[in-house]
Amino acid sequence: MHCKHWSKAKMDRGLFGLAYVLALLGCSCLGLPLADAAVVEYTFNVGNLTISRLGHSQVITAVNGQFPGPKVEARDGDTVVVHVVNNSPYNITIHWHGILQRLSGWADGPSMVSQCPIRPGGAAYTYRFNITGQEGTLWWHAHVSFLRATVHGALLIRPGPDKPHYPFPTPHGEATLLFGEWWNASVVDVERQAMLAGGAPNNSVALTINGMTGGHELAVRHGETYLLRLINAALNYQIFFKVAGHCFTVVAADACYTDPYDTDVIVLAPGQTVDALMRADASPGLYYMAAQVYQSLANATYTATTTAILRYEHDDATAEEATAAGTSMIVMPTMPAFNDSETAQGFYGSLTGLLPDGKPTVPLHVDTRMLVTYGLGVMPCSPTQTLCNRTRGSVAASMNNVSFQLPTTMSLLEAHRRGNVDGVYTRDFPDRPPVMFNFTSAAASSNRSVMLTSKGTKVKTLRFNTTVEVVLQNTAILGAENHPLHLHGFNFYVLAQGVGNFDARTAVRSYNLVNPQQRNTVAIPAGGWAVIRFTADNPGVWVMHCHLDAHLPFGLAMAFEVDDGPTPDTVLPPPPPDYPQC
């Protein structure tokens, strides 16, 4: 399908540029109110909820009896306060995915990194953080076990009072779509079984859109433009998304504005968000919106597709005919092949960052350079892995051959703040892999010396305000795969991506130092690499990990420890009074 709804030139010269100029002037010409920053307060009651999907009744963990959970809405400049009360049978934490948490690392949420978990039985913790310099679509989710499969929701940040407009044409309406996965089982049991066996978890049985395995409906009016806020909340699968007969203009990714990008397919890795304009300009009728699994792993066979319906309002005749004819009159989009890596990487690699004033913001001086290999491996079965094949060993995952192990007695952030990290973590995460080999060769899977990894709780310490460049290199051990890597506490520039082994002599010529996309989660080509750059200006301990949840408990993570800055406003404050203890 040829998509030319909004050309970049038209948007730059027309409404797109006008909207941004009005925003800079603080004009309320579009009727949006100008008000002071506010405190936005919510209460999350976490507990059991029984729901039915696919004819099966299942007890899940949910917030406020909702699946997905409640939508959190705020503006840039607001303070968000969320009281979380845990009445579920499991430990819980909530991560505010993509929120930078400037000097509020205690509210970041990853279990045993920024906090000990909130215990069952009514224990509570209040997350408080300021939203500073951010707007767009983010989300929140549990950061314990596989619980984020059902404990998640949208987090929408609108422009603040000093910039009340989007830097694109104001849409007539908007809709939030969360893509997820569904198991006819307890997701905690799914994870536990995988860990006991030392292997991959059972596949989900369906994809969901806004918690439904089918039947969700979005009503539009002909000729109007809608902002679609797309969130991939799935545990383990990347998603192709299309709407039959319609095109999109991508305007933001991970709550960072992009140059307008026209496409008829959107690709999202777990953890990623995309904001896209869609013009309802097709013939009035009913159209399927489809989300389909994207598999990058060679020889993978699992796939799944779920649909929702786009319905044009005031088209009752078509709706009645479709009802009479079943679903045969609803138009289905032509989806990519489930393993179409060319389409996936074509989308991921085509986005560029918006420069409102035309000036690049990429830091050009680099203080710390790292080459970090990541992927799967093996290690001996532990005594607790009672279903593990002792001859083959357990699947493991690592970064620079360190399989990350969370502490058990104290969170990383608390140990950092106390200044006594002995017994909690060490500061010796390597800048390079311990062994250099042909990272993307299939032969690596037959070389026991590079397959074996070991556990450790190692961090990389960074001086405040230093610029860090990290080359993230996938390995082919046990199979090359597109891994989405998420960094807490920062947005980063994606300077370049490629396939094969990273070669600095040739790769540096492809660096985009003018308008690279910014992300908090980057999907790196299977058997390939990406170069990211960020400034370590946020004191605390920030984990970087694979957002395929099956890989996190196996150790595909590391952490950055960022020192305090030289002034009081660059020093991490003490934890709040209700900070959970282990």
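Starting from 1, each residue takes its place in the sequence as its number. Below, all heavy atoms of this structure are taken into account, side chains as well, without hydrogens, waters or symmetry copies.
- A donor-acceptor pair under 3.5 Å links the side-chain atoms of Asp564 to the main chain of Leu572, judged by distance alone.
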Could you please spell out the steps behind the side chain to side chain contact (heavy atoms under 4.5 Å, CB included) verdict for Leu156 and Val72? CA-CA 6 Å; Leu156 310 183; Val72 173; over 6 Å; no
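- Contact annotation: the side chain of Ile99 approaches that of Leu155 to within less than 4.5 Å [non-hydrogen atoms, C-beta and beyond].
- Under the 3.5 Å distance criterion, with hydrogens and angles disregarded, no donor-acceptor pair is assigned to the side chains of Gln272 and Thr521.
- Side-chain contact, Thr535 with Asp537: no donor N or O sits under 3.5 Å from an acceptor N or O.
- For the atom pair CD1 of Ile266 and CZ of Phe179, the computed distance is 8.0 Å after rounding to the nearest 0.5 Å.
- In terms of modelled atom types and a separation under 3.5 Å, the side chain of Tyr348 and the main chain of Val522 share no donor-acceptor contact.
- A salt bridge does not link Arg463 to Asp563: none of the charged side-chain nitrogens sits closer than 4.0 Å to a carboxylate oxygen.
- Between Pro110 and Asp108, some side-chain heavy-atom pair lies under the 4.5 Å cut-off.
- For the side chain to side chain donor-acceptor pair (under 3.5 Å) with Asp275, the lone residue among Thr258, Thr249, Thr137 that qualifies is Thr137.
- Using bins of under 30°, 30° to 60° and over 60° for the plane-to-plane angle, the ring pair Phe44/Trp96 lands in the tilted bin.
- Note on Glu73 versus Arg158: salt bridge recorded, some NZ/NE/NH1/NH2 to OD/OE distance being below 4.0 Å.
- Pro159 has its side chain out of reach of His165: every pair of non-hydrogen atoms, C-beta onward, lies at least 4.5 Å apart.
- Using modelled atom types and a 3.5 Å distance limit, the side chains of Ser88 and Asn86 yield a donor-acceptor pair.
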Show your working on ring pair (Phe, Tyr, Trp, His ring centres under 6.0 Å) between His547 and His483 and close with a plain yes or no. CA-CA 7 Å; His547 223 274; His483 296 258; over 10 Å; no
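- Counting only distance, with no hydrogens or angles, the side chain of Thr466 and the backbone of Leu462 share no donor-acceptor pair below 3.5 Å.
- Between Val468 and Asp367, every side-chain heavy-atom pair lies at or beyond the 4.5 Å cut-off.
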Checking side chain to side chain contact (heavy atoms under 4.5 Å, CB included) for the pair Tyr511/Tyr493: CA distance, chi angles, key distance, verdict? CA-CA 10 Å; Tyr511 282 18; Tyr493 295 96; over 6 Å; no
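- A distance-only check finds a donor-acceptor pair linking the side chain of His222 to the backbone of Ala282 [under 3.5 Å].
- To the nearest 0.5 Å, atom CD of residue Gln345 and atom CD1 of residue Ile524 are 9.5 Å apart.
- There is no side-chain donor-acceptor pair under 3.5 Å between His545 and His486.
- Between the side chains of Gln238 and Asn482, at least one donor N or O sits under 3.5 Å from an acceptor N or O.
- With hydrogens and angles ignored, the 3.5 Å screen pairs a side-chain donor or acceptor of Tyr312 with a backbone N or O of Asp281.
- Taking the six-membered ring for Trp and thresholds of 30 and 60 degrees, Tyr257 and Phe168 have ring planes more than 60 degrees apart, a perpendicular arrangement.
- No donor-acceptor distance shorter than 3.5 angstrom exists from the side chain of Asp578 to the backbone of Tyr125, with no hydrogens or angles considered.
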For ring pair (Phe, Tyr, Trp, His ring centres under 6.0 Å), just list the numbers for Tyr42 and His83, CA-CA rounded to whole Å, side-chain angles, deciding distance to a tenth of an Å, and then say yes or no. CA-CA 6 Å; Tyr42 294 84; His83 309 284; over 10 Å; no
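- When side chains are defined from C-beta on, Val80 does not count as touching Val39, because their heavy atoms never get closer than 4.5 Å.
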Quick one: do Met289 and Ile309 satisfy side chain to side chain contact (heavy atoms under 4.5 Å, CB included)? Show the steps, please. CA-CA 6 Å; Met289 303 183 287; Ile309 294 175; over 6 Å; no
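- Between the side chain of Asn130 and the backbone N or O of Thr79, no donor-acceptor pair lies under 3.5 Å.
- For the pair Asp259 and Gly353, the tightest heavy-atom approach, listed with the atom from each and the gap, is OD2-O, 3.4 Å.
- With respect to Arg148 and Asp549, a salt bridge is recorded, a charged nitrogen being found less than 4.0 Å from a carboxylate O.
- The two residues Asn236 and Pro270 have their closest heavy-atom pair at C-CG, 4.3 Å.
- Across all non-hydrogen atoms, the minimal contact from Thr61 to Val151 is O-CG2, 3.4 Å.
- Here the side chains of Val82 and Thr43 are not in contact, with every heavy-atom distance at 4.5 Å or above.
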Set out, in order, the CA-CA distance, both residues' side-chain angles and the distance that settles side chain to side chain contact (heavy atoms under 4.5 Å, CB included) for Leu487 and Phe492, then state yes or no. CA-CA 8 Å; Leu487 176 59; Phe492 49 77; 3.9 Å; yes
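- Rounded to the nearest 0.5 angstrom, Asp254 CG and Leu138 CG are separated by 7.5 Å.
- Between Pro575 and Glu414, every side-chain heavy-atom pair lies at or beyond the 4.5 Å cut-off.
- Between atom CD of residue Glu217 and atom CE of residue Met212 there is a gap of 11.5 Å, rounded to the nearest 0.5 Å.
- For the atom pair CZ of Phe240 and CG of Leu268, the computed distance is 11.0 Å after rounding to the nearest 0.5 Å.
- Ring pair Trp139/His141 is tilted by interplanar angle, where 30° to 60° counts as tilted.
- No donor-acceptor distance shorter than 3.5 angstrom exists from the side chain of Asp76 to the backbone of Pro161, with no hydrogens or angles considered.
- Using modelled atom types, one side-chain atom of Thr93 and one backbone atom of Gly109 make a donor-acceptor pair closer than 3.5 Å.
- Shown are Phe241, Tyr261, Tyr226; of these, the ring-ring contact (aromatic ring centres under 6.0 Å, His included) with Phe248 is made only by Phe241.
- Between Ser104 and Tyr127, the side chains place no donor N or O within less than 3.5 Å of an acceptor N or O (distance only, hydrogens not considered).
- Note: Arg128 CZ to Gln101 CD = 12.5 Å, rounded to the nearest 0.5 Å.
- A salt bridge links Glu174 to Arg229: at least one charged side-chain nitrogen sits closer than 4.0 Å to a carboxylate oxygen.
- Judged by distance alone, the side chains of Thr343 and Tyr294 never bring a donor and an acceptor atom under 3.5 Å apart.
- Donor-acceptor pairing under 3.5 Å is lacking for the side chains of Thr132 and Arg102.
- Residues His152 and Phe67 are in side-chain contact: their nearest non-hydrogen atoms beyond the backbone lie under 4.5 Å apart.
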